[in-house]
Amino acid sequence: MFELTDALLCADGPVTTPVDLTLTAEHRRGHGAMYDALNSGKVDVPQLRQVLAGLPQPQAADGRLVLAVDVTHWLRPDAPTSADRLFCHVYGRSGRSSDQFVPGWPYSFVAALESGRTSWCQILDAVRLGPADDVAEVTADQVRRVVQDLIDMGRWATGDRDILVVFDAGYDAPRMAYLLAGLPVEVLGRMRTDRVMRRPAPSRKEFYRSHPRGGHPPKHGGEFRFAKPESWGDPDAATTQVTDRYGTARTMAWDRIHPRLTHRSAWIDHAGDLPVIEGTLIRLQVDRLPGGNDPLPIWLWTSGTGLTGEEVDLHWQAFLRRFDLEHTFRMIKQTLGWTRPKLRTPAAADRWTWLVVAAHTQLRLTQPLAADLRRPWEKPAEPGRLTPARVRRGFRNLRPNLPCPARAPKPNRPGPGRPPGSKNRHPATRYDVGKTARRPETLTERDQARP
């Protein structure tokens, strides 16, 4: 597997199939050994996670760590003998403009983001989501493990600013803030534009002043409808910033905005009173988009409260940096060939995923040493601005100076295999696609499911 990782970095051009990597000079073994390593090899994943967390981590402009969490798919529509496949939501595949659901393996990645416009990030963890997993709970455990590794490896210490964890609209930011309670993190996530949230409840003094006849003070304040500006009221903070890429960016922020939770869906098994998860709601509006599309407003919610105007700007800028993870997904898929192998078992897919993560990390570590081997039609890169694909071009020149823990191969002959003309008496098992457990959505469904 060490030689396979070196071949992954030293191969010419994008990786189209892993068997071609065995033809490179860095891979001294045959293609059978390569597939045996992926099917039966061992990767010490907990130790590798700690090594990744112990590396120098990029930081945001304000000196804090910023982590991005997102899910990307390894599509396997033609693999009925592969277990644990789910229906993955994709958009614009095969020239179609509509969204589709294609069988595959979804993977949740956690990466540390850098400041400024860049295509680099430090991948810290990768977890495959199974048919019985709750995405929010698995992601919360994943982030908790990554944060604990950063603390254990000395990348975060008491007195540092809380780690900012950025989520996209596929996650419920208030619930993620509740699941990550107790950690030195601040959750930032995008909200749907049709959400309805609540303002903070009035104090007892304010309530009894407006209700002299008494009564029980409410738990929530008035409604805050994203689609109705008349329900917004005056913002607690408002900023205006001129950018080169988006024109004028205008933000408004309201403090202590929270959702009104009910005993449904994710909160159906919550014992006792439902919590009030307060945070700051941010509305971002820009003049233009780089692609020329109409700029729609973006709603963000963060678990931090009492933000100043400068802190509001840092939050929406950190959210835009989350899209750097999309460049990493494109690079590991199109250049490193992460989704190219036709592996049968999910365990083999996990091993290949960690090899790709290790290869991407080596590119990031060798970035200051790589030469700009540009094509004649490419522009020279600015100092320190080489992309991961261009760093990979010069990795073969750096490889002789790097140690390889792999031992020299031993000569061996392959087995005879199945005799020609004989039938396969052990056909592979076929597996269904989709979730194996359905969670109740209402209290009635929950009570009916109980014995």
Can you tell me if [X] uses its side chain to pair, donor with acceptor, with the backbone of [Y] under 3.5 Å?
X: K435; Y: D133; value: yes
X: E326; Y: F323; value: no
X: T139; Y: A136; value: no
X: D372; Y: A381; value: yes
X: Q57; Y: L65; value: no
X: R322; Y: A68; value: no
X: S119; Y: T387; value: no
X: R64; Y: D162; value: yes
X: T366; Y: L369; value: no
X: R430; Y: P80; value: no

Closest heavy-atom pair and its distance - W105, A349: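 The pair with the smallest heavy-atom distance is CZ3-CB, 3.6 Å.
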
Shortest non-hydrogen contact from F319 toward D168: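 Shortest heavy-atom separation between F319 and D168 comes out as CZ-OD1, 4.1 Å.
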
Tell me whether R399 is salt-bridged to E26, with the criterion being a basic N under 4.0 Å from an acidic carboxylate O.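 Salt bridge: no.
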
Do T305 and E278 have side-chain N/O donor and acceptor atoms under 3.5 Å apart?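 Side-chain D/A pair, T305 to E278: absent.
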
Quick one: do the D350 and Y107 side chains pair a donor with an acceptor below 3.5 Å?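 Indeed, the side chains of D350 and Y107 share at least one donor-acceptor pair under 3.5 Å.
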
Are Y178 and W267, when compared by the centres of their aromatic rings, separated by less than 6.0 Å?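 Y178 vs W267: aromatic centres under 6.0 Å.
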
Side-chain touch L180/V147, heavy atoms, less than 4.5 angstrom: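 No, every pair of side-chain atoms sits at 4.5 Å or beyond.
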
Quick check on H31: does its NE2 atom have over 12 non-hydrogen neighbours (other residues, nucleotides or ligands) under 6.0 Å away?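 At most 12 heavy atoms, drawn from other residues, nucleotides or ligands, come within 6.0 Å of this atom.
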
Heavy atoms from other residues, nucleotides or ligands near CD of E382 exceed 12 (cutoff 6.0 Å):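 Incorrect, the count does not exceed 12.
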
What residue among L8, V15, T353 forms side chain to side chain contact (heavy atoms under 4.5 Å, CB included) with W338?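 The side chain to side chain contact (heavy atoms under 4.5 Å, CB included) with W338 is passed solely by T353 among L8, V15, T353.
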
Working to the nearest 0.5 angstrom, can you tell me the gap between W299 CH2 and L284 CG?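 These two atoms lie 11.0 Å from each other.
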
Taking only residues two or more places apart in sequence, or in another chain, which ones meet Y171 in a ring-ring contact (aromatic ring centres under 6.0 Å, His included)?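 Once residues adjacent in sequence are excluded, the partners of Y171 under the ring-ring contact (aromatic ring centres under 6.0 Å, His included) criterion are F167.
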
